[in-house]
Amino acid sequence: MAKRHVQAEAGDKARLEMVFDKPYLIGPLFGEYDQNLVAIENRLGVYIAARGNKLQIEGSAEAAARARDVLQGLYNRLVVGQTIDTGAVEAVIAMSAEPTLDGIIRHDVSEPPKVMIRTRKKTIVPRSANQGVYMEALARNELIFALGPAGTGKTYLAVAQAVSQLITGSVDRLILSRPAVEAGEKLGFLPGDMKEKVDPYLRPLYDALHDTLPAEQVERRIASGEIEIAPLAFMRGRTLANAFIILDEAQNTTIAQMKMFLTRFGEGSRMVICGDPKQVDLPQPGASGLADAVERLEGIEGIAVSRFTSADVVRHPIVGRIVEAYEGRHA
């Protein structure tokens, strides 16, 4: 059983009470061995006493109010049929401290997200304010650039949106691609045939697909051509109509490759280009096609640019701290 650690808070003290009117949701709200309450206590420096469907929160006025908003937001998600896990709890806690886009009013975590992506296996909701903006862009724009560090959900959310549109018939096929450039290795030195050579580079795309579609559907749709996963070089000379096209690790494209990819855009298509401008593996990092394309195209109608930071990392919380440490070193 997890132990509760409460930090002493300076400033005005507050004691808030909450009552939940659906007792059958108390179990998932509190978590196994009250682990969700423990997480909120540890992260916000409050003390939470639970009895039945009632809670009492003690701490500084600001921390207690944040804890109340977090619990209300988690509860409201359960009410509308969403599930919550450790990642969701961490995300709502993080969002409770985020400003809205105007930088003045805190992001409202007490209400369920207004944007979501439905797939065969799960319903996906934003886990940071920037993810919410990105998901809205995915639903609205024809061409989206998603920039930021690993773990922020850039590729995963793009694949989820693509799967959702394939399921509903908005597009006829998914085309997922990435350049085969990784840490100085060259395909010719890898064992196996071409598929075996490129599959390791495309593994993150397979993983996202399997998280949003049943395995048998993934394999069937790949076999039928509805889903195509291929290295960037295979895109040359094609026009891709009625397709949802995703380019991952786009920071490793050259300017010529990026131009080639962008001009594959066809009628009825949607395109998402994901990458981290700070993680370029090209021999000449300054020649990245991603940075060049964003500089040329940002602000054009129909094109959106979503930027993420280490604060948007939705993997284990330590990943965000690692990203911050590396970014701080090079700042």
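For clarity, every value in this text was computed on a predicted model and none was experimentally measured.
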### Query
Hey, which of I93, L71, V46, V92 is the one that makes side-chain contact (heavy atoms from CB on, under 4.5 Å) with R66?
I93

### N/O donor-acceptor pair under 3.5 Å between K278 side chain and P149 backbone
no

### Query
Quick check: does any side chain N or O of S306 sit under 3.5 Å from a backbone N or O of A146, one acting as donor and the other as acceptor?
no

### Message
Suppose we screen for ring pair (Phe, Tyr, Trp, His ring centres under 6.0 Å). Which residues come up paired with F20, at least two apart in sequence or across chains?
### Response
Y75

### Message
Can you confirm whether L166 sits close enough to F244 that some side-chain heavy atom of one is under 4.5 Å from a side-chain heavy atom of the other?
### Response
no

### Message
Counting C-beta onward and ignoring hydrogens, is there a side-chain heavy-atom pair between L213 and I227 closer than 4.5 Å?
### Response
yes

#### Entry: Worked verdict on L174 versus L209 for side-chain contact (heavy atoms from CB on, under 4.5 Å)
CA-CA 10 Å; L174 273 53; L209 280 174; 4.2 Å; yes

### Task
For the pair D207 and Y156, evaluate side-chain contact (heavy atoms from CB on, under 4.5 Å) and give the outcome as yes or no after the intermediate values.
CA-CA 9 Å; D207 291 343; Y156 182 86; over 6 Å; no

### Query
So, S164 side chain and R118 main chain: donor-acceptor pair closer than 3.5 Å or not?
yes

### Task
Taking S177 for its side chain and L232 for its backbone only, find out whether a donor-acceptor pair lies under 3.5 Å.
yes

### Task
Report, as yes or no, whether the 6.0 Å neighbourhood of atom CD on E267 holds more than 12 heavy atoms from other residues, nucleotides or ligands.
no

### Message
Working to the nearest 0.5 angstrom, can you tell me the gap between Q161 CD and I246 CD1?
### Response
9.0 Å

### Task
Please answer: with hydrophobic residues joined when any side-chain heavy atoms are less than 4.5 Å apart, are L78 and V19 in the same cluster?
no

## Note on the structure
To the nearest 0.5 Å, atom NZ of K22 lies from atom CG of N53 at 12.0 Å

### Query
side-chain contact (heavy atoms from CB on, under 4.5 Å) between L297 and L262: does it pass, once the steps are laid out?
CA-CA 11 Å; L297 302 177; L262 289 170; 3.8 Å; yes

### side-chain contact (heavy atoms from CB on, under 4.5 Å) partners of D85, counting only residues at least two apart
A88, R127

### Task
Classify the side-chain pair E219/Q217 by whether it contains a donor and acceptor separated by less than 3.5 Å.
no

### Message
Which residue is it: I245, I144, N141? I am looking for the one with a side-chain contact (heavy atoms from CB on, under 4.5 Å) to M271.
### Response
I245

### Message
Taking L29's backbone N and O only, do any of them form a donor-acceptor pair with N36's side chain (distance below 3.5 Å, no angle check)?
### Response
yes

### Query
Are side-chain heavy atoms of E249 and P204 found at a separation under 4.5 Å?
no

### Query
Can you tell me if S269 uses its side chain to pair, donor with acceptor, with the backbone of N242 under 3.5 Å?
yes

### Message
Between M258 and I273, does the side-chain contact (heavy atoms from CB on, under 4.5 Å) criterion hold? Intermediate values first, please.
### Response
CA-CA 10 Å; M258 178 61 75; I273 298 170; 3.9 Å; yes

### Message
Is there a path of hydrophobic side-chain contacts, each under 4.5 Å between heavy atoms, that joins I255 and I303?
### Response
no

### Rounded distance (nearest 0.5 Å) linking atom CD1 of I117 with atom CD of Q165
9.0 Å

### Task
Kindly say whether Q279 contributes a backbone atom to a donor-acceptor pair with the side chain of Q251 at under 3.5 angstrom?
yes

